[in-house]
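Labels below follow one simple rule: chain letters A, B, ... track the order of the sequence lines, proteins then strands, and each chain is numbered from 1.
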There are 2 protein chains.
Amino acid sequence: MSGLGTKQRILDAARTLFAEHGFPATSLREITKHAEVNLAAVNYHFGSKDGLLKELVNECIEPINTERIRLLDAAEAEAGGQPLVMRDLIRIFLEPAVRELCDQGSAMPCILSRLHHEPHAGLEEMMSDILAPTITRFVTASHRCLPHRTPEELLIRGHFMIGAMLHLLDFNCEELVPGLGINEEVISGYDFRLEQLISFCTAGFDG
Amino acid sequence: MSGLGTKQRILDAARTLFAEHGFPATSLREITKHAEVNLAAVNYHFGSKDGLLKELVNECIEPINTERIRLLDAAEAEAGGQPLVMRDLIRIFLEPAVRELCDQGSAMPCILSRLHHEPHAGLEEMMSDILAPTITRFVTASHRCLPHRTPEELLIRGHFMIGAMLHLLDFNCEELVPGLGINEEVISGYDFRLEQLISFCTAGFDG
DNA sequence: GTCTATACTCCGATAGAC
DNA sequence: GTCTATCGGAGTATAGAC
């Protein structure tokens, strides 16, 4: 934890601790102790605790949306003006997020999905700025797949999809459902979850 | 705000302020000022800020799950041993929550859906204790509707449904999507949202 | 039993020396 | 760039008044 610069050491420690205990329950004093830097360094590099969070989130979701746009461009180019297959469109939206977030050592999913439901000054605007173009593209493309659906129906279903995805990212099954014969190994696998999610949403958009 | 007892005045003020600014951003000093009670009254009646939140949540979700169980009992009695229709089963699960939460002046939905994604000591156990019997009943009943699905598939799809419902409860569309011709009045209506959610999930379980 | 006054510890933020 | 010192405000605990 000492070979890197101060800023990076703070980011690494914060990512871990936020995921473990949640954002409000993690103090800057803990973070700077783990990172072996001075307390005031956080304010110097990030302005505030919220600023630190914002940088963490930005560094995480920006590449995901870039990848979504890239895949969408490629798919639409290949389709040559024809509507996409809805299942492919949904996979383009979900797979980069699930893959990327679950490859980072399972720290960011918890942080991110919690954030979607807790307001933070300036953070929602940032998320919207990054996500809005993707959502617009998604709704437009899905309207071509399912022309019998109104834009309102497609937008609200897009939000159902986001809600389901967020819930998938951070929930653990350990807590619930005794006596149903659930195989924990099966239901914990991310491949299983992703494919189930894609199937659920694909059918949901059509239903 | 002065005719009721101290405890109730605290609960009312907290419900409003938590919904408005979020749980971490609301101080006990604000709450007690709004409720016109002494700061220490919170600790006397609820033990801690988390205890206050817990009571608020419990008082809200317990009647919802009682209603779910009641509707499920009635539907299964009426079906006389035959499997339920999946759409009816899903409505039994979703409608009490959406109706009840949206009838309370739109304060609890925000609080509740945020809570699902932020860990609080003791609160997750309480939620699990209340929700577990309902989920077990739901998975069992859905397995009778859709016998070709494994319990793992049904459980994970149940969680997708919960995620979509939570997202529906607190999201506002104002932020997003310019240029898609979205009718805000349509997409903001809870009847519209509920029926869309039920259709989305019914198809999703089958797909 | 209820409620209050007060004090304690810890938090995030900042000013200013180095 | 980094550190020390310090500030106001947060949640909490308790002794004691009614």
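For the OP1/OP2 pair of dG12(C) and a distance below 4.0 Å, the side-chain nitrogens and oxygens of N43(A) include no atom meeting the criterion. Put simply, T6(A) has a side-chain N or O that comes within less than 4.0 Å of OP1 or OP2 on dT2(D). For the OP1/OP2 pair of dG1(C) and a distance below 4.0 Å, the side-chain nitrogens and oxygens of H45(B) include no atom meeting the criterion. Using a 4.0 Å cut-off, some side-chain N or O of Y44(B) falls inside it from OP1 or OP2 of dT2(C).
Across the protein-nucleic acid pair, L53(B) atom CG and dT12(D) atom P stand 12 Å apart, rounded to whole Å. Rounded to an integer number of Å, the gap from D50(B) CG to dT12(D) C1' is 12 Å. Put simply, CG on L39(A) is 11 Å from C1' on dT4(D), counting in whole angstrom units. The nearest whole Å value for the distance from the CZ atom in F23(A) to the C1' atom in dC11(C) is 12 Å. Residue H21(B) contributes atom NE2, which lies 13 Å from atom P of dA10(D) at whole-angstrom precision. One can place NZ of K49(A) at 15 Å from P of dT14(C), the figure rounded to the nearest angstrom. Computed from coordinates, the E36(B) CD to dT2(C) P distance equals 21 Å when rounded to whole Å. The CG-P distance, from N38(A) to dA13(C), rounds to 15 Å in whole Å.
Using a 4.0 Å heavy-atom distance criterion, T32(A) is classed as making no nucleic acid contact. Residue contacts for A41(A): at a heavy-atom cut-off of 4.0 Å it reaches no nucleic acid atom on any strand shown.
Annotation: cation-pi geometry satisfied between R193(B) and Y190(B) (NZ/CZ under 6.0 angstrom from ring centroid, within 45° of ring axis).
One cannot find a donor-acceptor pair under 3.5 Å joining the base of dG9(D) and the side-chain atoms of R29(B).
To the nearest 0.5 Å, atoms CD1 (I10(B)) and NE2 (H34(B)) are separated by 14.0 Å.
You'll find that the side chain of S48(A) is closest to dA13(C), out of dG12(C), dG11(D), dA13(C).
Using a 4.0 Å cut-off between a side-chain N of Lys or Arg and a carboxylate O of Asp or Glu, E76(A) and R144(A) do not qualify as a salt bridge. Salt bridge K7(B)/D12(B): absent, no basic N to carboxylate O contact under 4.0 Å.
A donor-acceptor pair under 3.5 Å is absent between the side-chain atoms of S188(B) and the main chain of E185(B), judged by distance alone.
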